[in-house]
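Comments concern the structure below.
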Amino acid sequence: MTALSPKPIGLLHLALLFSTFVFALGTATIAQPPTALAPAPAPHHHKPGGHHHHHKHAPTPAPAPLTKPPTHAPAPAPVKPPVKPPVQPVKPPVKAPSHAPTPLPARKLVAVQGVVYCKPCNYTGVETLLGATPLLGAVVKLQCNNTKYPLVVQGKTDKNGYFSLNAPKTITTYGVHKCRVFVVSSPEKKCDKPTNLRYGVKGAILEKSTKPPVSTKTPATFEMFSVGPFAFEPSTKKPCSH
């Protein structure tokens, strides 16, 4: 039996298949655009028999966004003014008084005057002079506490109940604020209780008199003061006789 030679049809078939493959490959190459190939990473060399480790690669950072340059120049920083030390206010010069100061009054000696009355029994305990009559011979005293020991001057009333006392010559108008006048006694048995009318018992303060002195015995070198009026009244132990 003889070997069979290949048939010519078989070669023709192979040629046809090869032409079809080349045409298809050319079409695919024309249809797809060429792409840039990234550089291949460097190969890792591993020791024989070693284990293969997978390394994580950091992601590629995104490009920074483009910033526009400023359209206006930046404002200059505020400059603080230098701190100045406080300035003391200048006081205006004191002007001299246009008028000369009033001189103090001259010192004078002290005299005091007043009147003492007798109250009727129906007004006993009441601070009033209604129905009262002048008391003759009532004793009053002027006491000044300007020194270590009090200075005392006494006097009596006249028929009008009036009295006038001159203080010692050591007492002047500059020290009159330390003097007081008191009622002491009454000669009348039916009107012998002193009252505190106008502070006749506790001591009356001397007030500058606006009236001229009644007594002519007061020298011009004395400054006249006034107190009172004072009063005595009947004692409550005695019945009131109408």
Side-chain angles (χ1 to χ4, degrees), residues 103-242:
L104 295 175
R107 294 188 183 189
K108 288 188 176 183
L109 300 178
V110 176
V112 60
Q113 64 182 357
V115 180
V116 181
Y117 293 91
C118 176
K119 294 168 53 180
C121 64
N122 53 338
Y123 288 109
T124 300
V126 181
E127 289 191 358
T128 181
L129 291 177
L130 187 63
T133 57
L135 184 60
L136 172 64
V139 179
V140 295
K141 73 175 180 179
L142 169 65
Q143 179 175 321
C144 297
N145 300 320
N146 302 63
T147 59
K148 182 178 179 180
Y149 300 100
L151 301 176
V152 178
V153 176
Q154 289 189 352
K156 290 185 179 182
T157 59
D158 60 12
K159 62 180 181 179
N160 297 317
Y162 174 81
F163 68 89
S164 176
L165 301 173
N166 293 339
K169 293 184 179 181
T170 55
I171 305 300
T172 65
T173 50
Y174 285 8
V176 70
H177 60 282
K178 293 186 178 181
C179 297
R180 301 288 186 274
V181 177
F182 303 83
V183 292
V184 179
S185 61
S186 169
E188 295 289 338
K189 299 297 183 182
K190 295 181 179 180
C191 193
D192 58 355
K193 181 181 179 182
T195 69
N196 197 41
L197 182 69
R198 300 295 180 89
Y199 296 95
V201 174
K202 294 182 178 180
I205 299 175
L206 280 66
E207 298 178 359
K208 192 171 182 179
S209 179
T210 57
K211 298 180 180 180
V214 177
S215 175
T216 57
K217 297 180 181 180
T218 305
T221 56
F222 281 75
E223 182 78 24
M224 182 58 72
F225 292 83
S226 297
V227 290
F230 301 139
F232 285 84
E233 65 184 12
S235 174
T236 55
K237 296 180 180 179
K238 299 177 182 180
C240 184
S241 58
H242 297 282

For Arg180, does the CZ atom have more than 12 heavy-atom neighbours from other residues, nucleotides or ligands under 6.0 Å away?
yes
Can you find a pair of side-chain heavy atoms, one from Glu188 and one from Cys118, that are under 4.5 Å apart?
no
Within a radius of less than 6.0 Å around CD of Gln154, do more than 12 heavy atoms belonging to other residues, nucleotides or ligands occur?
yes
So, taking the atom named OG1 in Thr170 and the one named CG in Leu109, what distance separates them when rounded to the nearest 0.5 Å?
9.0 Å
Result of checking Leu165, Val227, Val184, Val153 against Val140 for side chain to side chain contact (heavy atoms under 4.5 Å, CB included):
Leu165
Minimum heavy-atom separation for Val116 and Thr157, please, with both atom names.
CG2-CG2, 3.7 Å
Work out which heavy atom in Thr173 is nearest to a heavy atom in Arg107; give both atom names and the distance.
OG1-CA, 3.8 Å
Nearest heavy-atom approach of Cys191 to Ser186 is O-OG, 2.7 Å
Heavy atoms only: give me the nearest Phe232-Ala138 pair and the separation to one decimal.
CE1-CB, 4.2 Å
I would like to know whether Gln113 and Tyr162 meet side chain to side chain donor-acceptor pair (under 3.5 Å); could you show each step before the answer?
CA-CA 7 Å; Gln113 64 182 357; Tyr162 174 81; 2.7 Å; yes
Tell me which one of Asn196, Thr195, Val181 satisfies side chain to side chain contact (heavy atoms under 4.5 Å, CB included) with Phe230.
Val181
Close side-chain approach of Ile171 and Asn146, heavy atoms under 4.5 Å:
yes
Could you pull out the closest heavy-atom pair between Phe225 and Glu223, with the gap in Å?
CD1-O, 3.3 Å
Might you work through the side-chain contact (heavy atoms from CB on, under 4.5 Å) test for Thr124 and Lys119, ending with a clear yes or no?
CA-CA 7 Å; Thr124 300; Lys119 294 168 53 180; over 6 Å; no
Shortest non-hydrogen contact from Cys179 toward Leu142
CB-CD1, 4.0 Å
Can you list, pair by pair, the side-chain donor-acceptor contacts under 3.5 Å of residues 127-134, counting residues two or more places apart and other chains?
| unit_1 | atom_1 | unit_2 | atom_2 | d |
| --- | --- | --- | --- | --- |
| Thr128 | OG1 | Leu130 | N | 3.2 |

One pair to check against side-chain contact (heavy atoms from CB on, under 4.5 Å): Met224 and Ser164. What are the steps and the verdict?
CA-CA 9 Å; Met224 182 58 72; Ser164 176; 4.2 Å; yes
